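Below is one structure, written out as structure tokens; the observations come after it.
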Amino acid sequence: MNVLDQYIKEITKEVAVKGKSRQTEEVGTVTEVRDGVVILEGLDAVSYGEIIEMESGESAYVIDLTEDKVGAIVLGEYLAIREGAQARATGLTLSVPVSDKILGRVLDPLGRSLDGKTNTKTDKYYPLEKIAAGVVERKSVSVPLQTGIKAIDALVPVGRGQRELIIGDRGTGKTTIAIDTILNQKGQDVICIYCAIGQKNSKVAATIELLQKSGAMDYTIVVSASASDPASLQYLAPYGASAMGEYFMDKGKDVLIVYDDLSKHAWAYRQVSLILRRPAGREAYPGDVFYLHSRLLERACRLSDKKGGGSITALPIIETLEGDVSAYIPTNVISITDGQIVLDTDLFNAGVRPSINVGLSVSRVGGNAQTKAMKQVAGKLKLDLAQYRDMAAFAQFESDLDPETKKLLNRGARMTQILKQRKNRPYSLAEEVAIIWAGSKGHLDELAADKIETFEAKFIDDLRSRAKTTMTRINTNKIIDEKDEDVLKKFIPK
Amino acid sequence: MRVDPELKKDLKTYLKKKLSDTHRVVTVVSTYPLTKIELATLKKNVPRLKDSVIKNEVDKDILGGLIIRFGSKMIDLSLRRELQNLKKVVYERT
């Protein structure tokens with residue numbers, strides 16, 4: 001009864017206020033309801049991107065203004081909307097509620113709870129669509145974002161504020177790389193956002209479970225618009241995730257956002273555009289599909305110290321068909337991002353996991369951010385692998401090779417073995433450096449290739465338990481000196 | 001196609017008049033037909049109504065009060081709206 005009394009009190013108070021004036025409202029009527037999109041008449045003075053409210057309580061987002069009609073995408077259930085229903089403009093733009101409490105939550109693209117807990121109560125809102133930080137507000141990428149995956153940290157390093165595309169066929173471990181990167185951010189003071197677009201609910205649930213089990217949920221937000229959600233929500237999901245990321249970035253934090261995946265996002269936008277009868281272009285995508293992704297990924301940046309020095313690192317994921325990276329959406333996103341990690345089905349099936357195609361993967365800015373220790377050991381690695389690739393192809397036909405070539409092939413095969421890594425087992429910087437050091441210094445050249453994995457497991461175990469001080473030193477100084485090398489040498493069996 | 005300029009001029013003035021008429025027409029929705037006195041009070045209190053043609057519509061669904069509509073604009077003073085707002089407030093608080 002207490003609550004009811006409170007209401008009555010409030011209402012009487014409101015009624016007691018005299019001369020309450022009503023504002024003039026903009027109204028329109030629904031003339032058409034299509035899949036997730038409503039077309040309205042009226043609303044003469046509504047603006048692009050404004051939220052309108054339906055009679056049934058649903059809100060919609062204006063994305064199409066023609067001479068006499070207004071097109072809006074419905075945020076939520078559109079089946080309850082009748083033709084002839086009234087809608088009124090609210091004068092608000094689309095935004096998500098943000099606070100520190102959204103960490104560890106599973107939210108929909110508009111910040112509404114999906115995990116059964118109460119909605120976030122806050123008076124702070126961030127707009128979904130925001131123009132990215134300008135040139136003067138930025139700083140170049142200089143701090144590394146350790147992914148914990150040897151192959152990536154050594155060959156295609158990612159820096160904080162970078163946009164690195166993960167691209168590959170279905171089932172090549174794209175999501176695994178992204179999730180491993182999130183797992184590795186434990187204790188690194190990085191806030192992670194996993195944005196699932198058009199994915200199976202079961203897969204998202206499995207991911208959340210994995211994150212919870214590994215204790216990664218404490219610093220992670222999951223934003224999900226699953227395959228069963230309306231295309232409109234799938235379209236908005238990455239922008240919602242980006243807005244949440246910007247909140248933390250403006251507080252000076254480093255943020256990592258995984259967009260999984262942007263091909264489905266492009267599909268959702270294509271659906272909305274076709275329903276709105278916008279002219280279709282190549283592969284039936286609308287003309288602004290490039291801008292769709294460029295404006296999203298441009299929001300990933302590293303702010304200057306004046307602006308707090310926060311950053312958003314973006315790891316967008318694109319799924320290709322039959323390894324075709326020259327399709328429309330993949331080429332678009334490749335050109336937008338600062339590099340790509342290409343995953344290969346053949347490598348994956350050959351047991352090279354993560355199945356990173358070293359030749360095609362690049363990082364255009366990450367090199368500046370790579371730690372000194374990694375640079376020391378990985379410089380040689382890149383060269384070794386490149387020579388190995390060149391040789392391996394034509395050495396197949398030669399029976400007797402000169403010792404120099406044999407040595408090269410031998411080294412290459414071992415390095416390939418070293419870059420293999422089990423999933424959900426990210427390495428610390430020191431561990432990565434140690435094993436790559438062992439390989440590139442030639443300490444493993446005499447070991448049989450199939451023994452490398454057992455050696456590596458034992459080597460890392462030994463280092464973890466018996467060389468703690470050296471490991472912490474490498475981790476904090478981010479450099480490997482002769483003293484460290486001497487310690488590491490002790491753990492290599494003769 | 002050539003149009004007689006005289007005809008064109010007539011059409012233009014006709015359309016102009018019609019357009020300004022629709023601008024001047026204000027619909028007032030109430031639960032019962034309003035009397036002349038009520039309309040006069042309304043005109044006195046709502047400045048927008050002063051020099052416009054009032055069209056009175058009856059709609060029992062608004063329960064009480066008035067809705068004033070002109071073009072795509074609306075001033076909703078109905079009881080239905082108040083109840084809807086109340087519903088929303090109660091729903092949001094819980």
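Just so it is clear, the model here is predicted, and its values are computed rather than measured. Heavy-atom basis, side chains included; hydrogens, waters and symmetry copies ignored. Chain letters run A, B, ... following the sequence lines, proteins first and then strands; every chain starts at 1.
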**Request:** Give the C-alpha distance, both sets of side-chain angles, the deciding distance and a yes or no for side chain to side chain contact (heavy atoms under 4.5 Å, CB included) between A:Glu25 and B:Lys73.
**Result:** CA-CA 5 Å; A:Glu25 292 169 329; B:Lys73 291 204 162 41; over 6 Å; no
**Request:** Output every pair passing side-chain hydrogen bond (donor to acceptor under 3.5 Å, both in side chains) with a member in residues 28-40 of chain A, not counting sequence neighbours, ordered by first then second residue.
**Result:** A:Glu32-A:Arg34, A:Asp35-A:Tyr78
**Request:** State whether the side chain of B:Ser72 and the backbone N or O of A:Asp44 hold a donor-acceptor pair below 3.5 Å, judged by distance alone.
**Result:** yes
I'd like to know whether [atom1] of [X] has more than 12 heavy-atom contacts from other residues, nucleotides or ligands below 6.0 angstrom.
X	atom1	value
B:Ile37	CD1	no
A:Arg82	CZ	no
A:Ile131	CD1	no
A:Tyr48	OH	yes

**Request:** Give a yes or no on whether a salt bridge exists between B:Arg80 and A:Glu55, defined as a side-chain N under 4.0 angstrom from a carboxylate O.
**Result:** no
**Asked** Heavy-atom distance under 4.5 Å between the side chains of B:Met74 and A:Gln86, does that happen here?
**Response** yes
**Asked** Does any heavy atom of chain A fall under 4.5 Å from the side chain of B:Leu86, the backbone, both, or neither of them?
**Response** side chain
